[in-house]
Amino acid sequence: MTHQYIARDSGQIRDEELFCDRAIGYLYSRVRERAPFLFNAVVSGRASSLLGFMNYDLPLGARISGANSLIRRLGIDLSECVEDASYYTTARRIFERRIRYDEVRPMSDDPLDVVSPADSRMFAGSLSQGSVLFIKDKFFSFAEFLGRPNWVWSFTGGDFAIFRLTPDKYHYNHAPVSGVVRDFYEIEGAFHSCNPAAVISEVTPFSRNRRAVTVIDTDVPGGSGCGLVAMVEVAALMIGQIVQAYAGSGYEPCERMRPGLFLRKGQPKSLYRPGSSLDVLIFEPGRVEFSPDLVANQFRGDAGSRFSSWLGRPWVETDVRVRESIGRILGPNA
């Protein structure tokens, strides 16, 4: 089945080339059903690291010709990158590329904007039953996903957005808001694929994957003023690490994630090494309003999203770029 999304700049429907789609479908159907031990081994941390090394660290065939072939297939624009084209001799270097983000991913200076943390396919949701975006326990089990009960209470009834990074995307994550880190912790788990076929096959798949949770307090001097925001980085198949590498400018020097660290909106926060993965932002109730075009795209019935067939109603992703606005901040009493 074709999986489609909306190109935000044009509003056009696009077909997504799902990498290893047939293999993922086979793994999450026949292998999982007939050989659960093998399936669990494949989505383990050790297997994910090995698959990542085989796919990303071995030198590309014929060096430059191999790199150029991969770059063309993925549609990567090397003119955006910090390093010269000759640097990209392995798939890992290509996937972990750095870009001149101030120039090629410009950010609005409106302090009320919440920005996308990644080049990704995005959709929004709500934990409130009164919202048109309400969806219960499909992509993640809320309490299990956050892992710590004290934060579950803070975000109950709030809103969320999911950002799915495909293999061709730039794999740095950027801070979506400005504020002080109140908590940071990692939760161990498996490395399930983020391919829509795998997501549909698994029950609350994102709650099962390894993830890093950063809780940001934006109601501080210099902050964005939208309450607490949880940014959850979710590892996936062939992701060896989620590297926390916040930088106040450029990419270096970078700082480890820790309580008390001030994050400035739009700056690099972390890196997936490498592959496909996703980010989830969770907001307190009534503190953010998602952009009308993104919400409208989500309910388009003319796009063939696999999520729509799974949920029984239109649920379509929009392609967004890191640092572009995905919503507006509301006051605490909105």
Side-chain angles (χ1 to χ4, degrees), residues 8-9 77 79-83 96-122 124 159-165 169-182 184 212-234 242-272 277-284 287-291 293-294 318-330:
R8 189 178 193 182
D9 55 353
D77 182 1
S79 69
E80 297 182 341
C81 297
V82 172
E83 286 83 12
E96 295 180 7
R97 63 192 180 276
R98 303 187 296 180
I99 63 173
R100 294 175 286 103
Y101 55 83
D102 282 332
E103 300 172 38
V104 300
R105 300 292 189 275
M107 185 176 69
S108 162
D109 58 4
D110 190 333
L112 294 180
D113 280 346
V114 175
V115 302
S116 170
D119 281 354
S120 55
R121 310 260 150 80
M122 175 217 165
D159 300 295
F160 66 87
I162 294 178
F163 303 83
R164 182 172 60 90
L165 287 75
K169 298 295 187 185
Y170 163 68
H171 273 70
Y172 273 88
N173 301 301
H174 289 236
V177 291
S178 294
V180 172
V181 176
R182 289 299 179 214
F184 172 76
V213 181
T214 307
V215 179
I216 308 167
D217 183 357
T218 70
D219 290 338
V220 297
S224 294
C226 58
L228 295 172
V229 178
M231 181 173 177
V232 186
E233 294 140 343
V234 183
I242 306 171
V243 180
Q244 299 297 322
Y246 175 75
S249 64
Y251 290 91
E252 296 173 352
C254 57
E255 301 184 62
R256 65 180 180 85
M257 201 55 48
R258 65 187 187 279
L261 177 66
F262 186 88
L263 304 181
R264 187 158 60 89
K265 182 172 70 175
Q267 293 307 114
K269 177 190 178 293
S270 59
L271 167 68
Y272 288 120
S277 45
L278 61 93
D279 300 330
V280 180
L281 300 181
I282 307 177
F283 302 88
E284 290 185 278
R287 300 306 299 267
V288 69
E289 181 179 60
F290 295 113
S291 300
D293 66 314
L294 298 176
T318 299
D319 197 74
V320 297
R321 307 185 91 191
V322 66
R323 304 176 90 232
E324 76 175 5
S325 176
I326 53 96
R328 297 280 290 175
I329 293 167
L330 301 175

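We number each residue from 1, following the sequence as shown.
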Does any donor atom in the side chain of [X] or [Y] lie under 3.5 Å from an acceptor atom in the other side chain?
| X | Y | answer |
| --- | --- | --- |
| E255 | Q244 | no |
| Y272 | D279 | yes |
| D77 | S79 | yes |

Regarding [X] and [Y], does a basic nitrogen lie under 4.0 Å from an acidic carboxylate oxygen?
| X | Y | value |
| --- | --- | --- |
| D319 | R121 | yes |
| R98 | E252 | yes |
| D159 | R287 | no |

Is a side-chain N or O of [X] found less than 3.5 angstrom from the main chain of [Y], in a donor-acceptor match?
| X | Y | result |
| --- | --- | --- |
| Y172 | E96 | no |
| S224 | S178 | yes |
| R323 | R105 | yes |
| R164 | S120 | no |
| T218 | L228 | no |
| S116 | A118 | yes |
| Q267 | A247 | yes |

Which is it for Y251 and Y101 under the ring-ring contact (aromatic ring centres under 6.0 Å, His included) test, yes or no, and what are the steps along the way?
CA-CA 10 Å; Y251 290 91; Y101 55 83; 5.5 Å; yes

CD (E324) and CG (D119) are apart, to the nearest 0.5 Å, by 8.5 Å

Is any side-chain heavy atom of P268 closer than 4.5 Å to one of N173?
no

Using side-chain heavy atoms (C-beta onward) and a distance below 4.5 Å, is L281 in contact with F163?
yes

For K265 and M107, the nearest pair of non-hydrogen atoms, with its separation, is O-CE, 3.5 Å

